Trainee: 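Handing you this structure, nothing more for now.
Treat the numbers as computed from the prediction; the structure is a model and nothing was measured. Just so you know, ligand 1 is whichever comes first in the structure, and atom 1 is the first atom listed for that ligand.
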Amino acid sequence: MSSKRTITVDAEPYVYEFEPDHCALLIIDMQRDFLEPGGFGEMLGNDVSQLRRTIEPNRQLLGAWRAAGFKVIHTREGHRSDMTDLPPAKKIRGRSKTTIGDPGPMGRILIRGEAGHDIIPELYPLPAEPVIDKPGKGAFFATDLHAILQNLGIQKLIVSGVTTEVCVNTTVREANDRGYDCLVPADCVGSYFPEFQEMGLKMIKAQGGIFGWVSDSARILAAMG
Ligand code: TIU
C-alpha cells in the first residue's frame with residue numbers, strides 16, 4: 001500500500017506530522033536478553049519487569065503499522081560469535097563475573113544467533129522487515145541503517161523499544177544528527193529505572209524538541225484512524 005496523505009499525531013512539544021511512505025517504525029532491541037529473566041539485563045542487576053510493560057503497546061502499534069502497510073525495521077544489540085567486533089572495554093565493563101560472550105541461561109550473552117539475543121516472540125520480525133544487528137547502543141554506529149533508510153526514502157522515524165535512556169536515546173540522537181525527525185511513544189519505551197524513563201523522555205522533547213517528539217501509542221493509533 002502507498003499513501004501520500006499526511007498523518008498528524010498529537011505530541012510534545014508540538015504536533016508530529018508524517019507521510020506514511022517516508023516514515024518507518026524502528027523497534028529497538030526488544031530482545032530476550034533484555035526482557036526475559038536470566039538475560040543480560042537481569043545479569044546487570046536490573047528488574048526486567050520494568051521493561052515488560054512495553055510489550056503490549058508495542059504489539060498493538062506494530063500490528064496497526066503492519067496492517068496499514070507501513071515500513072518496520074527492528075534492531076538487536078549483539079556481537080559476532082568470535083567477538084572481533086566487541087570492544088575490550090565493553091567486554092570488561094561492570095566487573096561482572098559473567099560478561100558478553102560468556103554462557104548464560106539463554107545461550108552466550110548478547111551473541112548473534114543465540115536464543116537470548118533474538119527478539120521476543122510477541123514482536124518477532126516478519127521476513128520482509130529488515131533487522132539491524134548493531135554492536136553498540138546507537139543503531140547507526142557500525143551498521144547499514146542509514147543506507148537502508150536512504151534507499152527506502154525514509155525521513156521520519158517512530159522509535160520504540162528498550163531501554164529509554166540507553167539504546168533508544170542514543171539512536172534518537174544519532175538519527176537527529178543525520179537529519180531524521182524522531183517521535184518516541186512513551187508507553188512503547190522502557191527503562192529499568194523510573195527516573196531515567198521520565199528524564200530520558202524529557203531530554204528528547206525539551207528546548208522545542210531538541211532531539212525529537214514524544215507521544216504515546218494511543219495518540220499514534222488515533223491519528224492513523
Ligand atoms: N543496559 C541497558 O540499559 N541497555 C542496554 O545495554 N541496551 C539497550 O538499551 N538496548
Trainee: With sequence neighbours left out, write down each residue that passes salt bridge (Lys or Arg N to Asp or Glu O under 4.0 Å) with Asp47, or none if nothing qualifies.
Mentor: none
Trainee: Assess whether a salt bridge exists between Glu19 and Arg5, defined as any Lys/Arg side-chain N lying under 4.0 Å from an Asp/Glu carboxylate O.
Mentor: no
Trainee: Mind checking what makes salt bridge (Lys or Arg N to Asp or Glu O under 4.0 Å) contact with Arg112, not counting sequence neighbours?
Mentor: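 Listed in chain order: Asp85.
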Trainee: Looking at Lys202, I'd like to know if its NZ atom is crowded, meaning that more than 12 non-hydrogen atoms belonging to other residues, nucleotides or ligands lie closer than 6.0 Å.
Mentor: no
Trainee: Between Lys156 and Glu17, is the closest basic N to carboxylate O distance under 4.0 Å?
Mentor: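 So Glu17 does not pair with Lys156 through a salt bridge.
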Trainee: Note every protein N or O atom lying under 3.5 Å from an N or O atom of ligand 1, pairing the names and giving the distance.
Mentor:
from	atom 1	to	atom 2	distance (Å)
ligand 1	3 (O)	Thr163	OG1	3.1
ligand 1	6 (O)	Lys137	NZ	2.9
ligand 1	7 (N)	Glu77	OE1	2.9
ligand 1	9 (O)	Thr163	N	2.9
ligand 1	9 (O)	Thr163	OG1	3.1
ligand 1	9 (O)	Cys167	N	3.2
ligand 1	10 (N)	Asp29	OD2	2.7
ligand 1	10 (N)	Val162	O	3.0

Trainee: Return the set of residues passing side-chain contact (heavy atoms from CB on, under 4.5 Å) with Asp82 (not counting sequence neighbours), or none when no residue passes.
Mentor: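 side-chain contact (heavy atoms from CB on, under 4.5 Å) check on Asp82 returns Arg80, Thr84.
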